[in-house]
Amino acid sequence: MAYNHKKIEKKWQVYWQDNKIFRTDDQSSKPKYYVLDMFPYPSGSGLHVGHPLGYIATDIVARYKRHKGFNVLHPMGWDAFGLPAEQYAIKTGTHPSVTTKTNIKNFRRQINMLGFSYDWDREINTTDATYVKWTQWIFLQLYKKGLAYEDEVPVNWCPELKAVLANEEVVDGKSEIGGHPVIRVPMRQWMLKITKYADSLLDGLDDLDWPHSVKELQRNWIGRSTGANVKFSLPSIQKNMSVFTTRPDTLFGATYMVMAPEHPWVANLVNNEQKSAVQEYIEIASKKSDLDRTELNKEKTGVFLGAHAVNPVNGKEIPIWISDYVIMSYGTGAIMAVPGQDQRDWDFAKKYDLPIIRTVQIPDDFDGEAYIGEGVAINSDFLNGLEINDAKNKIISWLEAKGLGEKAIQYKLRDWLFSRQRYWGEPIPIIHKDGKTIPLDKSELPLELPNVEKYEPSGTGESPLSTIPDWVEVKDDNGAIIGLRETNTMPQWAGSCWYFLRYIDPKNIENAWDKSKEAYWMPVDLYVGGAEHAVLHLLYSRFWHHVLYDLGFVSTKEPFKKLFNQGMILGEDGSKMSKSRGNVVNPDDTVDTYGADAMRLYEMFMGPLDKAKPWSITGLQGCSRFIKKLWSLLVTNEGEFSKHITHDDSSKETLRYLHNMIKRVSYNIENLQFNTCVSEFMIFTNHIQGLETINKDIIKTFIVLINPFMPHMAQELWQLSGNESELTFIKWPNFDENLIQSDTMKLAVQINGKRRSEIVVDVTMTEDEINEFAKSDERILKYLEGKQIIKEIYVEGRLVNLVVK
RNA sequence: GCCGGAGUGGCGGAAUUGGUAGACGCGCACGACUCAAACUCGUGUAUCGAAAGGUGUGGGGGUUCGAGUCCCCCCUCCGGCACCA
């Protein structure tokens, strides 16, 4: 009987669901294994074949670990707040929760059709009130710890749309919708003090089993640099200007100072003569969009303020300029310019004819401009002759002793802009009263979204919530207004910062999670998802987790022990799958035609999980062919287990194939190398295809091995073989190294490292015997004629290499 | 520019981490089955050469008995950051 994937896959999916085979016990004497997927945003367009790639991999690991005797937590849920549903609501008036519900239904159907072993009793949805409650609760923990504050920060304001836009809604300085100009305008926002955790987040990376590239990305993003703050006095306004530098050793070479155009002191510093030029420059700089700024990078511009600063090491007066190559938001918004040792300063100095003093000895063969290499200090008074590091230490001590500066650390990382002027997000649980902020009490949570008529932002750029007085105004029993609710909502990142904790205890109404359950399950053992989340999601959720750890709510500092990024599946044309290219492959069609097992198997067979690789319909057909072939090998036309499957003893050769497969498949699953596992199945199948009879126990072992990859067919075969016990929990087989050994082995014989012949020897032969045998080989003899053997190298089970002269 | 990753047959990719390069699959060719085609099965398939043999893992050097694998220089592609002082 030909393999009927539709019937069989449906049958087992219903069986798994009805019998709750994958329901996970909260506590167990078994060791735990927590394998997590990055949960999806349920978009309207559904999945394409690339989306479930990571889910297939984690499902294989989950099923494998169950065979290995682990209590496996493998949940799925929905990151359901987000812009598309809100935009759809603005367009059609459909409430986002309605859209979300529909989309989730479709996503769940698509995910289920692939036969994943999720514990659906733990399904979560970030937009459920029961979930929002705890997202808000965590926000309040951060607030109470002093990590949430309000600040005026620039946002993307589109005057035409009267709306604040997210970065992804701004393309080339214009709104994505309509192409209207977008400018940066300061607005009151909620910020989270992630910078306070910069060191903690940096240090935590060291011990994580994460891709090297992701760790590097996060390190660069945090961007820690060490140096010193140096005080320059500003005589004209009788203030001190502190600047950050990583090269305090070059202080004697600081020949001018540059401030960001937006620096608040500029207005005070500028003299009358320069006033109009400075104002004009500030004007132009403020109008530059981000794109212009990068384009104009090539040529540096700036204006002299007509004021001076005093270099603390030598008392010299140096001119102060403004230029947009200095950023207000890093350090103090001002720099000491050392053109001799910094190329940017060199370029600027050359253009405006400012003095250049080298303070590090350049090598004889140096022909560049600014010199940033190693060398001893020159032109630097008491630092002269010192290597860079020694000079740094000495000048810092000197500055500290005189009260003119100190050692300092700076980060590129900025605080997290946590508020959005949107409807479809978690309301921030804060009440404003008399200029103060009052957090809601836990008992008042969740603070739910009210129904609104319109989803557009209010004309002032505030969220649509601000247009509902009933909701905004908090009244006492007499109806008097005692406060106003915060109308900003949280960003989409909020829900995904802690969802892995809620899976542990999804129905808990007393607490976000039970502490003992958390202690049992955390950390996540394996986390698989796309590389696009390398920084933001993974940094934000680590930040929250570090805070929760410091507050004693969680038992581990780091949430994700091992991280893996699955690669992209490209279209058949080798480019990214997209509707506009028309190269999207739909999993519904694929599963319908070839079945879930074939799709799972093919996606794993395509290549290494982390690499990008193109889809190939013929490749998929190859895997489908393999499944049908294996089926027809084991099952008769009448749908019964084949008569060739007997209790006859297996040949040594077959046992060797089997145990080799067990060894390699086990090792390769542990190392997430699923493509080679599929090869192993094919090699074994090719072998048994040529046999008269096959031992039944061997086939039963084989069924366990393929179960993680092709669970539907494995279950069906398991049932046909007459097994009553549940396949999911059958013990994973061990391999016997002795059975992998053959009686004879093939060795290459090399002359001077070049392969010249091949010999078959008995495994019992000694090294000397093998060497002698190799030397007597007919093809080797002619290479030895008239030569002298100076060395004989035997590599066990591999080769003999004869070095001749 | 800086940081990270990758370059192996016609294609996707293997190679126990220094030991017979090209497993497995796709594609292709030939053969069997068929009136025929599809399916299925079998055989072959890095490359040059009639053969003996030579050459081959982006290019060039090096270490080694032996290099796809280690070291140095260079090229190309992908991802990220982008005046961070």
Side-chain angles (χ1 to χ4, degrees), chain A residues 2 211-221 223-225 227 243-247 250 254 258 290 293-294 296-298 300 323-327 329-338 341-345 347-348 410-414 531-532 534-535 565 567-568 570 574 601-602 605-608 610-623 625-626 628-629 632 660 663-664 667-668 673 675-686 689 746-759 790-804:
Chain A
H212 179 68
S213 60
V214 177
K215 290 209 231 179
E216 264 329 279
L217 236 47
Q218 294 215 349
R219 287 190 184 110
N220 292 341
W221 191 263
R224 182 188 149 112
S225 42
V243 300
F244 175 72
T245 176
T246 55
R247 293 294 302 274
T250 64
V258 187
D290 291 347
R293 283 211 172 179
T294 45
L296 292 173
N297 269 350
K298 289 154 198 155
K300 289 196 173 23
S323 170
D324 63 5
Y325 86 89
V326 173
I327 304 165
S329 50
Y330 184 79
T332 60
I335 61 155
M336 60 179 225
V338 188
Q341 275 80 227
D342 185 297
Q343 190 60 41
R344 294 159 302 183
D345 297 342
D347 294 341
F348 195 81
Q410 276 291 332
Y411 302 90
K412 281 197 227 175
L413 184 70
R414 307 289 153 78
E532 66 273 18
V535 178
N565 297 125
M568 220 183 303
L570 308 170
L601 197 69
Y602 172 60
F605 187 52
M606 289 173 84
D610 56 342
K611 298 284 182 309
K613 54 242 156 190
W615 186 260
S616 155
I617 187 72
T618 51
L620 170 65
Q621 284 164 348
C623 286
R625 206 145 50 217
F626 166 73
K628 287 178 188 156
K629 179 165 119 179
S632 65
N660 235 320
K663 180 181 180 178
R664 291 188 176 154
Y667 179 84
N668 290 339
Q673 294 163 336
N675 52 333
T676 48
C677 293
V678 180
S679 299
E680 293 301 324
F681 299 149
M682 289 170 171
I683 291 168
F684 182 76
T685 304
N686 288 344
Q689 193 176 13
K746 262 199 258 178
L747 300 176
V749 185
Q750 297 181 334
I751 302 292
N752 293 340
K754 275 190 193 282
R755 182 174 171 277
R756 295 300 183 186
S757 185
E758 190 170 80
I759 53 174
I790 49 176
K791 204 168 176 187
E792 294 171 21
I793 297 152
Y794 172 61
V795 182
E796 205 186 330
R798 291 275 156 198
L799 54 79
V800 176
N801 187 13
L802 304 172
V803 184
V804 302

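Within every chain, numbering begins at 1; the chains are lettered A, B, ... in the order of the sequence lines, protein sequences first and strands thereafter.
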Go ahead and name the base partner of [N]; Watson-Crick or wobble counts if both distances stay under 3.5 Å, otherwise write none.
N       : result
rU64(B) : none
rC83(B) : none
rC30(B) : rG42(B)

Checking the side chain of [X] only, and the main-chain atoms of [Y] only, is there a donor and an acceptor separated by less than 3.5 Å?
X       : Y       : answer
D342(A) : V338(A) : no
N752(A) : V804(A) : yes
N675(A) : M606(A) : no
E792(A) : N801(A) : no

Have a look at [X] and say if it touches a base, only the backbone sugar-phosphate, or nothing, with a 4.0 Å heavy-atom cut-off.
X       : value
A612(A) : sugar-phosphate
P608(A) : sugar-phosphate
R224(A) : nothing
S225(A) : sugar-phosphate

With [X], which residues qualify under side-chain contact (heavy atoms from CB on, under 4.5 Å), at least two apart?
X       : answer
R224(A) : D199(A), L202(A), T226(A), I409(A), Y411(A)
E758(A) : K746(A), R755(A)
K628(A) : S624(A)

Listed nucleotide nearest any side-chain atom of K613(A), set rC83(B), rG13(B), rU20(B): rG13(B)
Proximal nucleotide (of rA15(B), rG19(B), rC41(B)) relative to the L799(A) side chain: rG19(B)
Nucleotide N/O of nucleotides 65-67 of chain B paired with protein N/O under 3.5 Å:
unit_1, atom_1, unit_2, atom_2, d
rC65(B), O2, N801(A), ND2, 2.4

Distance under 6.0 Å and angle within 45° of ring axis: K300(A) vs F348(A): no
Mind listing the N/O atom pairs, protein and nucleotides 25-31 of chain B, below 3.5 Å?
unit_1, atom_1, unit_2, atom_2, d
rG25(B), OP1, N686(A), ND2, 3.2
rC26(B), OP1, R625(A), NE, 3.4
rC26(B), OP1, R625(A), NH2, 2.6
rC26(B), O2', T618(A), OG1, 2.7

First encountered from the 5' end of RNA chain B, between V795(A) and A531(A): V795(A)
Contact under 4.0 Å: R756(A) side-chain N or O vs rG54(B) OP1/OP2: yes
Measure the shortest side-chain to side-chain distance between [X] and [Y] over non-hydrogen atoms and say whether it is less than 4.5 angstrom.
X       : Y       : result
C677(A) : F605(A) : no
Q341(A) : T250(A) : yes
V678(A) : F626(A) : no

Under-3.5 Å donor-acceptor pair between K300(A) side chain and rC83(B) base: yes
Detail all sub-3.5 Å separations between protein N/O atoms and N/O atoms belonging to nucleotides 3-8 of chain B.
unit_1, atom_1, unit_2, atom_2, d
rC3(B), O2', N220(A), ND2, 3.3

